Amino acid sequence: MLLRVNNLDAYYGDVEALHEVCLQVDSGQLVTLVGSNAAGKSTALNCISGIISQKKGEIEFAGQRIDHLPAHRIVEHGLIQVPEGRRVFPFMTVMENLDLGCYPKKTRSRKEENLERVFGLLPLLKERRSQMAGSLSGGEQQMLAVGRGLMAEPQLLILDEPTLGLAPLFVEKVFALLGEIRASGTTVLLVEQNVHMALAAADYGYVLENGKIVLEGTGRELLQDERLAKAYLGI
Amino acid sequence: MDKLRNIIGKNQAQGAGGAGAPAKARDLRLKLGVLAVLLLLPILLQNEPYYQEILTFVFLWGAMSGAWNIVGGYAGKFSLGHAAFFGIGAYTSGLLYTKLGISPWLGMFGGMLLSVIFALLIGVVTLRLKGKFFALCTIAFGMLVEIMAVYLRGVTGGSEGLLIPYEPGFWNMTFASKVVWAYIFLALMLGVYGVSRWLDKSALGYRLSALREDEDAAEALGVNTLAGKLSSITISAAITALGGSLFAQYFLWLEPNFCVSLDLSQQFALISIIGGMGTAIGPLVGAAIITPLQIFLRAAFGSAASGMSMMIYGFLLVVVVLYMPKGIVVEVRDRLRARRTKAVAGVVEREVSNVA
Amino acid sequence: MDGTLFLQLLVSGLLIGGVYALISIGLTLIFGVMRIVNFAHGEFLMLSMFAAFWLFHFTGLSPYLLAPLVILLLFAYGVAIYVLVIRRTIGSPMVVQIFATVGLGLFMQNAALVLWSGDFRTIQTPASTALLRFAGIQVSQSMMIASLVAIVIALILFAFMAWTYPGKAIRATVQDRVGAQLMGVNIDRVFMMTFAIGSALVGIAGALLAPAYPIFPSVGANFGLASFVVVVLGGMGSMTGALLGGFLIGVVETFSGFFIDAALKQAVYFLVFILVLVFRPTGLLGQRGAEEIGLK
């Protein structure tokens, strides 16, 4: 087991945003966390990656507790989050953005190999490498954000709504990319509003509602679950 | 209006709830008591010139930081150039009096008028700047006035200062008795307090707090933020100029280095911030704490350590903004309220458990 | 107008401008990265000049030799002030952001007055008064040095930001704080280093100015205000802007002092300051997006 979250509570001021969330991600899997807007999906991810520090509960990554670590230390453990809204550095070139991807000291020495791997997966970035990230299209920025995440040689890659606001063509590209990433042995935790595609691609899934996990199961089980179908798949 | 209340909802709601009728009566009694003490103090201290002076300055600086508070606290625009208004008031009436023999009672209106014009100019030019940039710009305006006060030596007496002749008489606004001055400044301070209380309740006050909380949202809701800001800065400038004119006649000596200085501007701000910005009472409490401290320190350390009081001010300012950024008054009030709420909650809980 | 006189004024203005630029680089760096206007900036300069003075007083060594020590001291002071004061102001309400450093400035200036009195102190070395002559004009050697160092520092900082990992981490933090954290950047560390480096840069300025100017507790006030003018004119956060702004303000000050009135030279640059804030708030070379962070 690579990531284990146990009884995670989080608050926004006095409002409880997450309530006793438990989930786990095994090595090599693609796990997805789905749910409606404001269900607490991003909050959960931000707690795991350390962006949110006000939380209760246990988060264990690769056998070590990480719930008290600040975000930049968690990155050093190989847990990399590709944030919602991409958050590429707009006034830096594609190349500089990728450079920052391998900011952790461990990975800096292997920058060239990582770069080659990322360019292999995303040849587009190679073409655009000296372009300012802010001038890329939304889809291209998403590719850059994923590529930047891969530069850190993640053990676990967390993606928060990677297809949000993208054209259908890019949505498919993103899912194809996720498949390749997983095939290359990187574990993936995916938050998606595109429930159907996410569950179809996932080994295991969790459904979050009002800050609580209400349903879990393998991707296939969940796809066939009636309650879920009614609530999210519009069937 | 309702939308405005929503923007500022959180702050106002706290104030609106809670206080029942008995609490209000208690509040009124407390206020009347304080007022009585303030009215008696100048007479009681008649034969204590040292304490009398402290009291007089508490009133003056209380009034002046109260005036700063109208822009800084209520509108959330942090001016670091308010000494310019003070200096314009002081120099206008002082010069009209010494050079042309015009009574300061009239001259002070001249000072207020000039100050208001200057405030409108600054307002139109800088009020669209936010936060730090507004503060920087007001510093520059203050410096310009200070430089001019020094430069126009022929008129203002330059850096040597302007001496106002001591000729006691009502029309000269020069009084042999210091008690009169204590009352004049007390009246000024109470006036500023009144204006602030009015702001607490008026439409303009709501408009100001809306733009303080979120200028863009206020604007989007159709609040005329420019008008709000301009009114607050002109009211504040007029009062500050009035204080300057009165100070000129009290002190009878004007020096750019003091009455148009950045130090003075900072002092207005810091008294208000330490006391409690955005509340009517905050600046007065601030002045009651800071001003005596300053005079005691000066007495204790003499001129050799003239920096001591400002050093302590600076230190206090840093500590207050870092650890109680709402100021002493608000902080204490919040704590008391929290304790009271807890006590009430405790009683309710006990009663509930008794019933059960 | 006489050509030599014009040249003399121009060169003198550029040199004063170089001094202003040198003082302003630290301020603009701190603003650019942290979005904090250090209202105590002039007092940092005062402190570094006093540091240079006392080191000189006790060792008798050349102030230029002592500069590295002053820089180190100011770096350490920057770290301390960051930990004690600045860290708590980041992301706080505007009143905290402004008045924490206003209070710090008041404290520093008056603490210096209490500790060291208001006396003017000077460092008398041959370097203080040395003049260089060429083409019929003369220039102060110490100001020449200060100007050259300003240019060199700006170049070094530029290279540091463009090509090193810490530099990139700083730029990433400026552009997206959360994004930077997710890259493994310790933004608290970035802010601390930025503030300390900014402070050390003021240390350089203080060490180089100490032989050329009298040293007293409020010496920082005017220099501090001048550096605000320079930084706003050049564009908050822009290194090259600080250079350009410094030279411009120096020339403006010298010419207006000569042609209008020496007593009004400051008034002229405060007017420039207000005009820039009002009409071109991003300054000459300001960062894109400055409107969103402080201006509308």
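Here is the naming used below: chain letters follow the sequence lines, and residue numbers restart at 1 for every chain. All heavy atoms count here, side chains included; hydrogens, waters and symmetry mates do not. Remember, it's a predicted structure, so these values are computed and weren't measured experimentally.
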Exercise. May I ask you to decide if Q97(C)'s main-chain N or O and K132(B)'s side chain share a donor-acceptor pair within less than 3.5 Å?
Key: no
Quiz item: What is the distance from atom CD1 of I312(B) to atom CG of N110(C), rounded to the nearest 0.5 Å?
Solution: 10.0 Å
Self-check item: More than 12 heavy atoms of other groups within 6.0 Å of R87(C) CZ
Solution: yes
Practice problem: Give me the ring orientation class for F107(C) and F315(B): parallel if the planes are under 30° apart, tilted from 30 to 60°, perpendicular past 60°. | Solution: tilted
Part of [X] lying under 4.5 Å from any heavy atom of chain C:
X	result
I139(B)	side chain
F141(B)	both
L80(B)	side chain

Quiz item: For the candidates F279(C), F270(C), F273(C), which exhibits the highest count of non-hydrogen atom pairs separated by less than 4.5 Å from chain B?
Solution: F270(C)
Exercise. Identify which of L271(C), L264(C), L104(C), V232(C) forms the greatest number of heavy-atom pairs closer than 4.5 Å to chain B.
Key: L264(C)
Do the side chains of [Y] and [X] get nearer than 4.5 Å, heavy atoms only?
X	Y	answer
L322(B)	V85(C)	yes
L136(B)	F39(C)	yes
V318(B)	V102(C)	no
M311(B)	L113(C)	no

With a 4.5 angstrom heavy-atom cut-off, which part of [X] approaches chain B: side chain, backbone, both or neither?
X	result
Q266(C)	both
V229(C)	neither
L115(C)	neither

Over all heavy atoms of both residues, which pair between [X] and [Y] is shortest? Give the atoms and the distance, please.
X	Y	answer
L106(C)	D263(B)	CD2-OD1, 4.2 Å
A267(C)	I147(B)	N-CD1, 3.6 Å
V114(C)	G307(B)	CG2-C, 3.7 Å

Quiz item: Run the side-chain contact (heavy atoms from CB on, under 4.5 Å) check on L277(C) and T126(B) step by step: do they pass?
Solution: CA-CA 8 Å; L277(C) 272 177; T126(B) 63; over 6 Å; no
Quiz item: Do the two ring centres, one from F99(C) and one from F78(B), sit under 6.0 Å apart?
Solution: yes
